[in-house]
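Here the structure comes first, spelled out in C-alpha coordinates, and everything after it is commentary.
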Amino acid sequence: ALFAGVAVAQAVTAPTSSEDASAYSYWQPGGPGDFRGPCPMMNTLANHYFLPHDGKNLTREVVTKALQDALNFEPSLTEIMFEQALPANPIPNATWFDLDLLNVHAVLEHDASLSRSDAYFGNNHVFNQTIFDESKKYWTDDLVTANQLTNSKVARQLQSRATNPTYNFSSTVDSFSKGEVLAPIVAFGDKVAATTNRTFMVHFFENEHLPIHLGWHRPTEPVTLEDVTKLSEILAKSQTLLTDSPSAQQGTQNTTHGETE
Ligand code: HEM
Ligand code: MG
(Lines give C-alpha, C1' and ligand atoms only; values in the text may rest on other atoms or scores of the structure.)
(Ligands and ions follow the chains in the order given, each with its own letter.)
Protein backbone atom coordinates (compact mmCIF):
# COMPACT_ATOMS: atom_id res chain seq x y z
CA ALA A 1 0.00 0.00 0.00
CA LEU A 2 1.84 3.06 -1.21
CA PHE A 3 0.93 6.22 0.63
CA ALA A 4 -1.15 8.32 -1.71
CA GLY A 5 -2.72 10.81 0.69
CA VAL A 6 -1.72 14.28 1.78
CA ALA A 7 1.55 16.06 1.43
CA VAL A 8 3.17 14.24 -1.43
CA ALA A 9 5.87 16.62 -2.58
CA GLN A 10 7.76 16.74 -5.82
CA ALA A 11 11.50 16.28 -5.59
CA VAL A 12 12.03 19.77 -7.02
CA THR A 13 10.37 21.34 -3.98
CA ALA A 14 12.29 19.21 -1.49
CA PRO A 15 13.75 21.07 1.48
CA THR A 16 17.49 21.52 1.50
CA SER A 17 17.60 21.23 5.27
CA SER A 18 15.60 19.22 7.78
CA GLU A 19 15.60 22.37 9.96
CA ASP A 20 12.72 23.44 7.77
CA ALA A 21 9.80 23.17 10.22
CA SER A 22 7.57 21.91 7.44
CA ALA A 23 9.94 19.05 6.56
CA TYR A 24 7.33 16.54 7.75
CA SER A 25 5.09 17.59 4.87
CA TYR A 26 7.65 16.62 2.24
CA TRP A 27 7.40 13.02 1.22
CA GLN A 28 8.41 11.05 -1.82
CA PRO A 29 9.17 7.33 -1.90
CA GLY A 30 12.54 6.16 -3.14
CA GLY A 31 12.81 6.13 -6.92
CA PRO A 32 15.26 4.58 -9.36
CA GLY A 33 18.80 4.97 -8.03
CA ASP A 34 17.64 5.66 -4.46
CA PHE A 35 18.64 3.17 -1.75
CA ARG A 36 16.17 1.85 0.79
CA GLY A 37 16.55 -1.02 3.27
CA PRO A 38 15.01 -3.25 5.94
CA CYS A 39 14.50 -0.44 8.49
CA PRO A 40 11.07 1.12 8.13
CA MET A 41 12.16 4.24 10.03
CA MET A 42 15.36 4.93 8.11
CA ASN A 43 13.36 4.50 4.89
CA THR A 44 10.68 6.84 6.24
CA LEU A 45 13.18 9.53 7.21
CA ALA A 46 14.72 9.33 3.73
CA ASN A 47 11.24 9.57 2.18
CA HIS A 48 10.66 12.75 4.23
CA TYR A 49 14.11 14.17 3.34
CA PHE A 50 15.22 14.17 6.98
CA LEU A 51 17.90 11.81 5.65
CA PRO A 52 19.36 12.19 2.15
CA HIS A 53 16.57 11.10 -0.18
CA ASP A 54 18.90 8.78 -2.08
CA GLY A 55 19.69 6.86 1.14
CA LYS A 56 23.43 7.22 0.57
CA ASN A 57 26.40 8.47 2.60
CA LEU A 58 24.74 8.41 5.99
CA THR A 59 27.38 9.82 8.34
CA ARG A 60 27.17 10.20 12.10
CA GLU A 61 26.32 13.91 11.70
CA VAL A 62 23.59 13.31 9.15
CA VAL A 63 21.93 10.49 11.10
CA THR A 64 22.19 12.29 14.45
CA LYS A 65 20.57 15.41 13.05
CA ALA A 66 17.81 13.49 11.28
CA LEU A 67 16.81 11.45 14.33
CA GLN A 68 16.87 14.56 16.50
CA ASP A 69 14.90 16.74 14.10
CA ALA A 70 12.30 14.14 13.21
CA LEU A 71 11.94 12.07 16.40
CA ASN A 72 13.68 14.03 19.19
CA PHE A 73 16.33 11.35 19.73
CA GLU A 74 19.08 12.58 22.01
CA PRO A 75 22.37 12.73 20.03
CA SER A 76 24.15 10.47 22.53
CA LEU A 77 21.58 7.71 21.86
CA THR A 78 21.84 8.00 18.09
CA GLU A 79 25.63 7.92 18.30
CA ILE A 80 25.49 4.53 19.99
CA MET A 81 23.09 3.24 17.35
CA PHE A 82 25.28 4.65 14.60
CA GLU A 83 28.36 2.86 15.96
CA GLN A 84 26.42 -0.40 15.96
CA ALA A 85 25.38 0.21 12.34
CA LEU A 86 28.81 1.01 10.90
CA PRO A 87 29.88 -2.65 10.47
CA ALA A 88 27.21 -2.72 7.75
CA ASN A 89 29.76 -0.95 5.57
CA PRO A 90 32.40 -3.53 4.55
CA ILE A 91 34.98 -0.83 3.78
CA PRO A 92 37.52 -0.79 6.66
CA ASN A 93 37.18 2.28 8.89
CA ALA A 94 34.27 3.62 6.90
CA THR A 95 32.50 6.59 8.47
CA TRP A 96 29.17 6.17 6.73
CA PHE A 97 26.70 3.57 5.50
CA ASP A 98 24.13 3.44 2.72
CA LEU A 99 20.61 2.15 3.35
CA ASP A 100 21.03 -0.83 1.00
CA LEU A 101 24.08 -1.99 2.99
CA LEU A 102 21.64 -2.77 5.82
CA ASN A 103 20.16 -5.51 3.64
CA VAL A 104 23.06 -7.92 4.04
CA HIS A 105 21.66 -10.90 5.90
CA ALA A 106 23.14 -11.76 9.30
CA VAL A 107 25.12 -8.55 9.69
CA LEU A 108 22.32 -6.38 11.12
CA GLU A 109 19.40 -7.81 9.19
CA HIS A 110 17.95 -10.90 10.86
CA ASP A 111 15.17 -13.48 10.66
CA ALA A 112 11.65 -13.13 12.06
CA SER A 113 11.18 -9.44 11.24
CA LEU A 114 7.74 -8.00 11.86
CA SER A 115 7.29 -6.67 8.33
CA ARG A 116 9.86 -8.38 6.14
CA SER A 117 10.36 -11.93 4.95
CA ASP A 118 13.32 -14.06 6.07
CA ALA A 119 16.26 -13.92 3.66
CA TYR A 120 15.82 -17.68 3.09
CA PHE A 121 12.45 -17.07 1.40
CA GLY A 122 13.67 -14.26 -0.86
CA ASN A 123 13.51 -10.53 -0.25
CA ASN A 124 14.58 -9.58 3.29
CA HIS A 125 14.21 -5.81 2.99
CA VAL A 126 11.06 -4.74 1.12
CA PHE A 127 7.87 -4.33 3.16
CA ASN A 128 5.80 -7.54 2.96
CA GLN A 129 2.06 -7.09 3.62
CA THR A 130 1.40 -10.79 4.27
CA ILE A 131 4.09 -10.96 6.95
CA PHE A 132 2.99 -7.66 8.45
CA ASP A 133 -0.67 -8.80 8.59
CA GLU A 134 0.51 -11.73 10.71
CA SER A 135 2.35 -9.40 13.14
CA LYS A 136 -0.53 -6.92 13.23
CA LYS A 137 -2.99 -9.60 14.38
CA TYR A 138 -1.39 -9.48 17.80
CA TRP A 139 -1.85 -5.74 18.25
CA THR A 140 -5.35 -6.08 19.60
CA ASP A 141 -5.83 -2.74 21.37
CA ASP A 142 -5.81 0.85 20.11
CA LEU A 143 -3.00 1.36 22.59
CA VAL A 144 -0.74 -1.58 21.86
CA THR A 145 0.94 -2.95 25.01
CA ALA A 146 4.46 -4.29 25.48
CA ASN A 147 2.96 -7.79 25.74
CA GLN A 148 1.18 -7.38 22.42
CA LEU A 149 4.38 -6.19 20.74
CA THR A 150 6.22 -9.16 22.22
CA ASN A 151 3.44 -11.52 21.11
CA SER A 152 4.00 -10.43 17.51
CA LYS A 153 7.76 -10.83 17.83
CA VAL A 154 7.50 -14.32 19.35
CA ALA A 155 4.84 -15.34 16.80
CA ARG A 156 7.19 -14.38 13.98
CA GLN A 157 10.00 -16.34 15.63
CA LEU A 158 7.76 -19.41 15.90
CA GLN A 159 6.60 -19.06 12.31
CA SER A 160 10.18 -18.70 11.19
CA ARG A 161 11.54 -21.60 13.22
CA ALA A 162 8.70 -23.82 11.97
CA THR A 163 9.22 -23.03 8.29
CA ASN A 164 12.76 -21.76 7.71
CA PRO A 165 15.40 -24.49 7.98
CA THR A 166 18.09 -21.80 8.30
CA TYR A 167 16.28 -19.93 11.10
CA ASN A 168 18.87 -18.10 13.18
CA PHE A 169 18.16 -15.97 16.23
CA SER A 170 21.08 -15.54 18.62
CA SER A 171 20.96 -13.60 21.88
CA THR A 172 22.68 -10.71 20.08
CA VAL A 173 19.92 -10.74 17.46
CA ASP A 174 17.39 -10.86 20.27
CA SER A 175 18.72 -7.64 21.82
CA PHE A 176 18.65 -5.85 18.46
CA SER A 177 15.20 -7.21 17.83
CA LYS A 178 13.93 -5.95 21.19
CA GLY A 179 15.29 -2.53 20.26
CA GLU A 180 13.32 -2.63 17.02
CA VAL A 181 10.15 -3.85 18.67
CA LEU A 182 10.26 -1.06 21.27
CA ALA A 183 11.04 1.61 18.65
CA PRO A 184 7.35 2.29 17.89
CA ILE A 185 6.82 3.04 21.60
CA VAL A 186 9.37 5.84 21.65
CA ALA A 187 8.34 7.18 18.23
CA PHE A 188 4.55 6.95 18.42
CA GLY A 189 3.59 6.00 21.95
CA ASP A 190 3.97 6.56 25.66
CA LYS A 191 7.36 5.45 26.96
CA VAL A 192 6.22 5.61 30.61
CA ALA A 193 3.18 3.38 30.09
CA ALA A 194 5.11 1.30 27.51
CA THR A 195 2.25 1.49 25.03
CA THR A 196 2.02 2.72 21.47
CA ASN A 197 -0.67 4.03 19.18
CA ARG A 198 -1.81 1.27 16.82
CA THR A 199 -3.12 3.58 14.10
CA PHE A 200 0.11 5.58 13.96
CA MET A 201 2.30 2.48 14.00
CA VAL A 202 0.36 0.63 11.31
CA HIS A 203 0.27 3.70 9.04
CA PHE A 204 4.03 4.12 9.46
CA PHE A 205 4.90 0.50 8.63
CA GLU A 206 2.52 0.26 5.69
CA ASN A 207 3.42 3.58 4.08
CA GLU A 208 6.90 4.50 5.34
CA HIS A 209 5.39 7.90 6.08
CA LEU A 210 5.08 9.68 9.45
CA PRO A 211 1.44 9.87 10.62
CA ILE A 212 1.32 13.68 10.95
CA HIS A 213 -2.06 13.89 9.18
CA LEU A 214 -3.46 11.43 11.75
CA GLY A 215 -2.49 13.67 14.69
CA TRP A 216 0.98 12.42 15.52
CA HIS A 217 3.65 14.97 16.38
CA ARG A 218 7.35 14.84 17.23
CA PRO A 219 7.79 13.60 20.83
CA THR A 220 8.09 16.63 23.11
CA GLU A 221 10.57 14.93 25.46
CA PRO A 222 13.96 13.78 24.16
CA VAL A 223 14.35 10.02 23.76
CA THR A 224 17.34 8.85 25.81
CA LEU A 225 19.43 5.71 26.20
CA GLU A 226 17.83 5.28 29.61
CA ASP A 227 14.35 5.18 28.00
CA VAL A 228 15.47 2.52 25.57
CA THR A 229 17.18 0.45 28.27
CA LYS A 230 14.08 0.51 30.48
CA LEU A 231 11.78 -0.48 27.63
CA SER A 232 14.14 -3.22 26.60
CA GLU A 233 13.94 -4.67 30.11
CA ILE A 234 10.15 -4.52 30.01
CA LEU A 235 10.16 -6.39 26.69
CA ALA A 236 12.62 -8.97 28.01
CA LYS A 237 10.28 -9.67 30.93
CA SER A 238 7.28 -9.90 28.66
CA GLN A 239 8.95 -12.70 26.69
CA THR A 240 8.09 -15.30 29.31
CA LEU A 241 4.90 -17.20 28.56
CA LEU A 242 4.52 -18.24 32.20
CA THR A 243 1.95 -16.29 34.19
CA ASP A 244 3.49 -16.96 37.61
CA SER A 245 7.06 -16.22 36.65
CA PRO A 246 8.75 -13.74 39.02
CA SER A 247 9.59 -11.67 35.96
CA ALA A 248 5.99 -11.47 34.74
CA GLN A 249 5.32 -7.93 35.90
CA GLN A 250 2.39 -5.67 36.20
CA GLY A 251 2.19 -3.38 33.20
CA THR A 252 3.40 -5.98 30.77
CA GLN A 253 0.26 -8.09 31.08
CA ASN A 254 -2.52 -7.97 28.53
CA THR A 255 -5.08 -5.67 30.07
CA THR A 256 -8.07 -6.51 27.91
CA HIS A 257 -8.91 -9.01 25.22
CA GLY A 258 -5.98 -11.17 24.29
CA GLU A 259 -7.53 -12.85 21.26
CA THR A 260 -5.50 -12.76 18.11
CA GLU A 261 -8.32 -13.01 15.59
C1 HEM B 1 14.62 -2.72 11.76
C2 HEM B 1 18.81 -0.36 11.21
C3 HEM B 1 16.97 3.47 13.55
C4 HEM B 1 12.70 1.23 13.84
C5 HEM B 1 15.91 -2.39 11.40
C6 HEM B 1 16.80 -3.26 10.68
C7 HEM B 1 17.98 -2.61 10.53
C8 HEM B 1 17.83 -1.32 11.16
C9 HEM B 1 19.23 -3.15 9.87
C10 HEM B 1 16.42 -4.64 10.13
C11 HEM B 1 16.41 -5.72 11.17
C12 HEM B 1 15.48 -6.84 10.72
O13 HEM B 1 14.27 -6.73 10.99
O14 HEM B 1 15.94 -7.79 10.08
C15 HEM B 1 18.66 0.88 11.80
C16 HEM B 1 19.72 1.86 11.91
C17 HEM B 1 19.22 2.95 12.57
C18 HEM B 1 17.83 2.63 12.88
C19 HEM B 1 21.12 1.68 11.35
C20 HEM B 1 19.87 4.25 12.96
C21 HEM B 1 21.17 4.35 13.20
C22 HEM B 1 15.65 3.21 13.81
C23 HEM B 1 14.75 4.12 14.49
C24 HEM B 1 13.54 3.48 14.57
C25 HEM B 1 13.69 2.18 13.95
C26 HEM B 1 15.11 5.50 15.00
C27 HEM B 1 12.24 3.98 15.17
C28 HEM B 1 12.17 4.81 16.20
C29 HEM B 1 12.87 -0.05 13.34
C30 HEM B 1 11.84 -1.07 13.39
C31 HEM B 1 12.41 -2.22 12.82
C32 HEM B 1 13.76 -1.86 12.42
C33 HEM B 1 10.44 -0.94 13.96
C34 HEM B 1 11.78 -3.60 12.69
C35 HEM B 1 11.22 -3.86 11.32
C36 HEM B 1 10.62 -5.26 11.22
O37 HEM B 1 10.73 -6.05 12.15
O38 HEM B 1 10.03 -5.54 10.17
N39 HEM B 1 16.55 -1.21 11.67
N40 HEM B 1 17.54 1.38 12.39
N41 HEM B 1 14.97 2.06 13.50
N42 HEM B 1 14.01 -0.56 12.76
FE43 HEM B 1 15.74 0.46 12.47
MG1 MG C 1 14.85 -9.17 8.82
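Whatever order the structure lists ligands and atoms in, that order sets their numbers, starting from 1. Residues take their numbers from the sequence shown, with the count starting at 1.
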Looking only at protein heavy atoms, which one is nearest to [atom], and how far off is it?
atom	result
atom 27 (C) of ligand 1	A183 CB, 3.4 Å
atom 5 (C) of ligand 1	C39 CB, 3.6 Å
atom 11 (C) of ligand 1	E180 OE2, 3.4 Å
atom 3 (C) of ligand 1	M81 CE, 3.5 Å
atom 17 (C) of ligand 1	M42 SD, 3.7 Å
atom 36 (C) of ligand 1	L114 N, 3.3 Å

At a 4.0 Å threshold, what atoms of ligand 1 neighbour a non-hydrogen atom of [X]?
X	result
A85	19 (C)
F73	26 (C), 28 (C)
L67	26 (C)
F205	33 (C)
S113	12 (C), 13 (O), 14 (O), 36 (C), 37 (O), 38 (O)
E109	14 (O)
L108	9 (C)

Pick one of side chain, backbone, both or neither for how [X] approaches ligand 1, counting any non-hydrogen atom pair under 4.0 Å.
X	answer
P40	side chain
F176	neither
Q84	neither

- Can you tell me the N, O or S atom of E109 that's nearest the Mg ion (ligand 2)? OE2
- Are L214 and V144 linked, directly or through other ILVMFWY residues, by side chains that come within less than 4.5 angstrom of each other? yes
Confirm or rule out an N/O/S atom of [X], from backbone or side chain, lying less than 2.8 Å from the Mg ion (ligand 2).
X	answer
D111	no
H110	yes
S113	yes

- Item | Residue selection (non-hydrogen contact nearest atom 38 (O) of ligand 1) among S135, S115, A119 | S115
- Positive for side-chain contact (heavy atoms from CB on, under 4.5 Å) with P40, one of M201, R116, E206: R116
- Task: Report yes if some N/O of V63 lies less than 3.5 Å from some N/O of ligand 1; otherwise report no.
- Result: no
- Without hydrogens or angle criteria, can the side chains of Q129 and D133 be said to hold a donor-acceptor pair below 3.5 Å? yes
